[in-house]
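Take a look at the structure set out below.
Residue numbering restarts at 1 for every chain, and letters A, B, ... go by the order of the sequence lines.
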2 protein chains.
Amino acid sequence: MPVRATSSKHAPRARGDHEGNSLRKAFFEIRELIVHGRLSPGSWIVEADLARHLSMSRTPVRSALHWLQREGYVIEHKNARKSRMIVAPLTKEDAGELYSIIGHVEGLAGRRTAALPKASRVELAGRLKGFNNQLREILTAKDSRAAGIFDLDRNFHRSIIESGAGPRLLALHKSIEPQAERYWRLYASSIINDLHLSVAEHDEIIAAIVAGDAVRVERGLQANWENGCNRLAHVIDIFGERGSW
Amino acid sequence: MPVRATSSKHAPRARGDHEGNSLRKAFFEIRELIVHGRLSPGSWIVEADLARHLSMSRTPVRSALHWLQREGYVIEHKNARKSRMIVAPLTKEDAGELYSIIGHVEGLAGRRTAALPKASRVELAGRLKGFNNQLREILTAKDSRAAGIFDLDRNFHRSIIESGAGPRLLALHKSIEPQAERYWRLYASSIINDLHLSVAEHDEIIAAIVAGDAVRVERGLQANWENGCNRLAHVIDIFGERGSW
DNA sequence: GTATCCAAGATTGTAGACAATCGGTATAGT
DNA sequence: ACTATACCGATTGTCTACAATCTTGGATAC
């Protein structure tokens, strides 16, 4: 048996097929699956299945799962020495902590945004108003294209963070925010009904940014998340937690 | 050449040798190397070398490096499709952002600590006083057992966080705090000279905890980090940044 | 002497192989 | 029938192999 066959068993890839980074792909795709609820909370993850689904080997999938674990999307069910991974369950308590953290992270970034030169702040406020008005439209039209809501709200917040945060804070935000989104998506009803409250809170945040009032921006962002958390908690009380039993 | 020798090439391990988790070991050991400056900022990381050093294969080392990258200990020097990892450099700007983040994270946890029942707060304050008094001793004795200082300060802060933070916030703190420690260690002189300031700030924090005044605890923690950051910035101005060129 | 190209070495990214372990099921003993 | 044990499939943890790519050094041409 030839030790080294030139035409190898190692899946020779077409020339342009080398998609730089399987790991990154695995990370984002799996995260997407979790955030959108296709992998349900509490359910049980098998590396090989995911690898097949993504048509790659277990190696990058495995690394991606470790990332997801460190960021809290996936938790370790320890059994003696081996660890099994399960999709992190959705609990009221976890939501509370998560929203509190993201509120403070955004608050910190928002404070810096408020310190930007006036021109930048006004320009930013313009974009924010755009997002918020679209939300308002959906609201008044009673048109529940819920899909767009998530994107609009995310863009609203992300615009603020990107304006003010440095690379570290931005990375932190990017790693936390999708987890909040996960709660929204899976308890979507909480958003739709109380959307007008959030829209009003956004108006206040925009005003604070235009005014360049750091404390007010921070408070506004924190309040937006805190209130969102309360609204969410109410829904969780009704529909129950998912994935923890 | 036998394709499958029973006594395998796969490094048969002695019975008790199965050290649960190479990955975890790699992560913490490499982090230790970075935090303690044995891998200098800006220097260039070779997976195989580390694997040899830790006597394991590249696979767990590689995963560990990815964790470290996501947490900011290591950064990616992108070249087309391949990425080379380098130890994250120490810059004044990064320090500013880092300290600001950790100040807010601790502030958030401290706020919850202030809401604990009085008995717990008093018990905690007792422990904190213990740490702080030891710091004071080192200070008055002019005995520069610098080694102990890091541990004492870390224990001081960690005790507060562990009392108040939930699992998520705690994990976040644990991932950020060593990076602040890294700056201390590598610019150690900044700590020694201004230690008395930090000790005084700690006293204020303890008092606020005993009083159960959430806002004051938060402010005290944030101030401690912010002042520490200023002290550090001064040292960086003198000695220069490391690893960025 | 300098610039350019090519070959060899070094390094990373992914795959697949193997061993250890877990969980459950079938089987034997009482 | 009930418990204890031995096997078996499933799954994870780690290793080595190999391909793609990058870097470096030198040989060659000008």
Side-chain angles (χ1 to χ4, degrees), chain A residues 1-27 29-30 43-69 74-87, chain B residues 1-27 29-30 43-69 74-87:
Chain A
M1 165 178 196
V3 175
R4 178 172 315 195
T6 46
S7 147
S8 100
K9 63 189 174 180
H10 284 279
R13 359 172 49 119
R15 186 69 188 172
D17 186 11
H18 191 285
E19 295 284 21
N21 232 336
S22 296
L23 206 177
R24 212 161 282 253
K25 181 184 168 199
F27 176 78
E29 294 220 10
I30 298 172
S43 82
W44 175 336
I45 298 178
V46 176
E47 295 173 357
D49 291 352
L50 280 174
R52 253 194 309 281
H53 180 72
L54 301 173
S55 35
M56 56 179 71
S57 90
R58 272 179 51 218
T59 309
V61 169
R62 189 174 171 67
S63 285
L65 284 175
H66 284 302
W67 290 14
L68 291 164
Q69 184 195 337
V74 153
I75 64 178
E76 204 173 14
H77 210 61
K78 302 195 77 143
N79 265 353
R81 331 200 145 193
K82 225 158 214 165
S83 81
R84 310 216 129 158
M85 303 260 205
I86 67 173
V87 180
Chain B
M1 167 179 195
V3 174
R4 179 172 312 195
T6 47
S7 145
S8 101
K9 63 191 174 181
H10 284 280
R13 0 175 48 121
R15 184 68 188 171
D17 187 11
H18 191 285
E19 295 284 20
N21 231 334
S22 295
L23 207 177
R24 211 160 281 251
K25 181 183 167 198
F27 176 79
E29 292 220 13
I30 298 173
S43 82
W44 184 20
I45 298 178
V46 177
E47 296 174 357
D49 291 352
L50 279 175
R52 254 193 308 283
H53 180 71
L54 300 173
S55 34
M56 56 179 73
S57 92
R58 272 179 49 222
T59 309
V61 169
R62 189 177 170 67
S63 285
L65 285 175
H66 284 301
W67 290 16
L68 291 163
Q69 185 196 337
V74 153
I75 64 178
E76 204 174 13
H77 210 58
K78 299 197 78 138
N79 263 355
R81 337 204 138 187
K82 227 155 215 172
S83 81
R84 307 216 129 159
M85 304 262 205
I86 66 173
V87 180

(message) So, taking the atom named NE2 in B/H66 and the one named CH2 in A/W67, what distance separates them when rounded to the nearest 0.5 Å?
(response) 6.0 Å
(message) What is the distance, to the nearest angstrom, from the CZ atom on B/R62 to the C1' atom on C/dT11?
(response) 10 Å
(request) Choose from C/dG13, C/dT14, D/dT11 the nucleotide whose nearest atom is closest to any side-chain atom of B/E47. (result) C/dG13
(message) Once rounded to the nearest 0.5 Å, what's the spacing between atom CZ of B/R62 and atom CE of B/M85?
(response) 7.0 Å
(message) From the set D/dC15, C/dT11, C/dT14, return the single nucleotide nearest to any side-chain atom of B/R84.
(response) C/dT11
(request) Specify the separation, in whole Å, of atom CD1 of B/I45 and atom P of C/dG13. (result) 12 Å
(request) Rounded to the nearest 0.5 Å, what's the gap from CD on B/E29 to OG on B/S22? Could you check? (result) 10.5 Å
(message) Nearest whole Å is fine: how far is C/dT12 C1' from B/I86 CD1?
(response) 16 Å
(request) Calculate the interatomic distance between B/D49 atom CG and C/dT12 atom C1'; express it in whole Å. (result) 13 Å
(request) On DNA chain D, check which nucleotide each of B/R58 and B/W44 is closest to and give me the residue with the more 5' one. (result) B/R58
(request) Report the distance from atom CG of A/L50 to atom P of C/dT14, rounded to the nearest whole Å. (result) 16 Å
(request) Specify the separation, in whole Å, of atom NE2 of B/H66 and atom C1' of C/dT14. (result) 11 Å
(request) To the nearest Å, give me how far apart CG (A/N21) and P (C/dA15) are. (result) 11 Å
(message) Over all strands shown, is A/L65 touching base, sugar-phosphate only, or nothing at heavy-atom distances under 4.0 angstrom?
(response) nothing
(request) Would you please confirm or rule out a distance under 4.0 Å between OP1 or OP2 of D/dG13 and any side-chain N or O of A/S83? (result) yes
(message) For the CE atom of B/M56 and the CG atom of B/L23, what is their distance to the nearest 0.5 Å?
(response) 8.5 Å
(message) Expressed as a whole number of angstroms, how long is the span from A/R52:CZ to D/dA10:C1'?
(response) 12 Å
(request) Consider the side chain of A/P60, meaning its heavy atoms from C-beta on, and name the nucleotide among C/dA15, C/dG13, D/dC15 that approaches it most closely. (result) C/dA15
(request) Tell me whether the OP1 or OP2 atom of D/dC15 has a side-chain N or O from B/T59 closer than 4.0 Å. (result) no
(request) Would you kindly compare A/S57 and B/M85 by the position of their nearest DNA chain C nucleotide and give the one closer to the 5′ end? (result) B/M85
(request) List the atom of A/I45, the atom of A/I86, and the distance in Å for their closest heavy-atom pair. (result) CD1-C, 4.2 Å
